[in-house]
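To start, the structure itself, in structure tokens.
In listed order, ligands and their atoms are each counted from 1.
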Amino acid sequence: MFVEPIKILIVDDEAKNLTVLESLLDNTEYQLIRAQTADEALLALVQHEFALLILDVYMPDMSGFELAKMIKMRKKTSSIPIIFLTAYFNESQHVLEGYGTGAVDYLHKPINPTILRSKVEIFAELFRHKRQLEKSNAALVAEISQRQAMECELRELNDHLEQRVTQRTEELVQADRRKDEFLATLAHELRNPLAPVRNAIHILNDRLPPQEELRWAGEVIDRQVRHMIRLVDDLMDMSRINQGKIELKREPVTIQQIVQLAVESCTPLIEECGQTLRVVQPEQLLMLNADVTRLTQIVLNLINNAAKFSKPGNEIVIEVEHAERAVSVCVRDQGIGIPREKLNLIFEMFAQVEATLERTRGGLGIGLSLAKRLVELHGGSIRADSPGLGLGSSFTIELPLDSERAVPEDKPHSPMALDSITVKRILIVDDNEDAARTLSMLLGCIGHETFLAFDGAAALEMAGRTQPDIILLDIGLPKMNGYDVAKSIRQEAWGQSMVLIAMTGWGQEQDRERAHAAGFDHHTTKPVEISYLLGLIDKAPSAVECASRP
Ligand code: ADP
């Protein structure tokens, strides 16, 4: 490897002295540059980078010390070490001390070659170190600036990435919102035609001659429509939950009541599937503060799944256990089981373990995700366990107990009290004519007198003309909406004591409040549960009972 020789400036007015120095320092590692005057020396200092100056103190044009002073004062050359060659010791040696930078040394003439060489070698070594350090330093500076450039580039990339992520997230949030809105609208729109279908089935069931095939066909339609309503309701609930619009109607209830309601609803299905159901629960009644309909729906959903994914002859067990301040309900089956890696996935919306296989069993893959969200709204949790495919599954819900409350009386179910009916005059208003007509026929079958209107203006006119006991009023109506119809009716003397029941697709708290503010007595969501509606109709005073009306 080529090593650049170390340059040494030798300054003496006598050429022979310079030659002596050259012969003393004859070494390939050194390159000696000669100067016989101060000017030559200064010129050389401008042209080369020196490791050392060897300077004769006495020169005719300028003393060695004066030249040294000039060298020390120039920034570029101030740190070059100087060896002075003097004939004898002189006070002026200290002149340079004030300049501080760079080493200064002295050699007395006649020069001792060994001392000269060793001093020169020390300075040469110092210079080599300095050069090495400068190199490393330069490499370090280069590396630092390269790193800074990379960091800068990385920061820019990062900023760009963050921007993209924010943008994508926003797009996804928007898409998700649109999907929820679409699902809500879809469910809402699917629900509307179901109401008249269900009413028509009630009428058919009531009127059909006792022919077995017709009865069976009626039951099939009834069962399938109920199933469809349940799916649509699930879809609607899911989108409501996603939009943060669901409200629990909590009330005191025991877990035993919930289990009983669910078991009652699913018994026909279990029998149809040729399976058996066993309930194991403690005798002590365990109190919850829960939404009875929702919680029953969750347990029912788990039992339905257990039946759906099991074979005839299999047993389904519902086990209720009392834990500290909580209760757990476990629904266990001996069915197809769930692979371990899918256990959490099935709680995701639309998730099904093996879509192609499950398609034959029906379902939207909403039930469990809805169950999870609803259980969480109750402050509880749900988990799935399965030893593996073909080895059955179990689903466990845990809910907080509400030990403060007293155990409520068993609520009687609301059967349609057909024989104890008081005839009412009922105006039905709905722009879905099928819905209005079938409901009218249904109420007619029971014995009530009904009137029909299909828009807001007609409703108001009909209400004034017929002065019914009850008005079942749709909200979204042509010509005049249901709220305005209700308000106008309440302004009339004849409209004071009528019972106004709103029927809407949207059952949110603000919809209820708006309905009550407009003068409605009750608010129901479509498709209206017939037994619930009959309960409301039953409770309403009739013209016969109400002396203030003609
Ligand atoms: P689906 O309407 O498809 O039944 P769920 O959300 O209720 O929707 O269930 C999601 C999936 O979880 C099902 O499609 C099925 O693959 C799996 N699953 C649910 N319950 C059981 C069970 N008891 N045994 C085996 N697999 C089940």
For residues 268-281, run the donor-acceptor check on the side chains, cut-off 3.5 Å, and write out each pair with its distance to 0.1 Å, sequence neighbours left out.
unit_1 : atom_1 : unit_2 : atom_2 : d
Q275   : NE2    : A307   : O      : 3.1
Q275   : NE2    : S310   : O      : 3.3
Q275   : NE2    : K311   : O      : 3.3
R278   : NE     : E315   : OE2    : 2.9

**Request:** Answer yes or no: does an N/O atom from L368 fall short of 3.5 Å to an N/O atom of ligand 1?
**Result:** yes

**Request:** State whether the shortest distance between N or O atoms of F395 and N or O atoms of ligand 1 falls below 3.5 angstrom.
**Result:** no

**Residue from D291, I298, T293, V292 passing side chain to side chain contact (heavy atoms under 4.5 Å, CB included) with L295** = I298

**Item:** Residue from R168, Q167, Q174 passing side chain to side chain donor-acceptor pair (under 3.5 Å) with E170
**Value:** Q174

**Message:** Quick test of your reading of the model: are R147 and E151 salt-bridged, counting only N-O distances below 4.0 Å?
**Reply:** no

**NZ/NE/NH1/NH2 to OD/OE distance under 4.0 Å, R155 and D159** = no

**Request:** Decide whether the shortest distance between a heavy atom of K342 and an atom of ligand 1 is less than 4.0 Å.
**Result:** no

**Message:** Counting only heavy atoms closer than 4.0 Å, does ligand 1 sit against the backbone of D333, its side chain, both, or neither?
**Reply:** side chain

**Request:** With heavy atoms of G337 as the reference, note each atom of ligand 1 found under 4.0 Å away.
**Result:** 25 (C)

**Asked** Are side-chain N/O atoms of Q256 and Q260 paired as donor and acceptor at under 3.5 Å?
**Response** no

**Item:** Of the listed options S394, G335, P339, S393, closest to atom 24 (N) of ligand 1 (non-hydrogen atoms)
**Value:** S393

**Item:** Region of I338 that comes within reach of ligand 1 [heavy atoms, distance under 4.0 Å]
**Value:** side chain

**Asked** With a cut-off of 4.0 Å, which atoms of ligand 1 are near a heavy atom of K308?
**Response** 1 (P), 2 (O), 4 (O)

**Prompt:** Should the pair R490-D521 be classified as a salt bridge under the 4.0 Å nitrogen-to-oxygen rule?
**Reply:** yes

**Message:** Taking 4.0 angstrom as the limit and counting only heavy atoms of I366, give me the atoms of ligand 1 inside it, by number and element.
**Reply:** 6 (O), 8 (O)

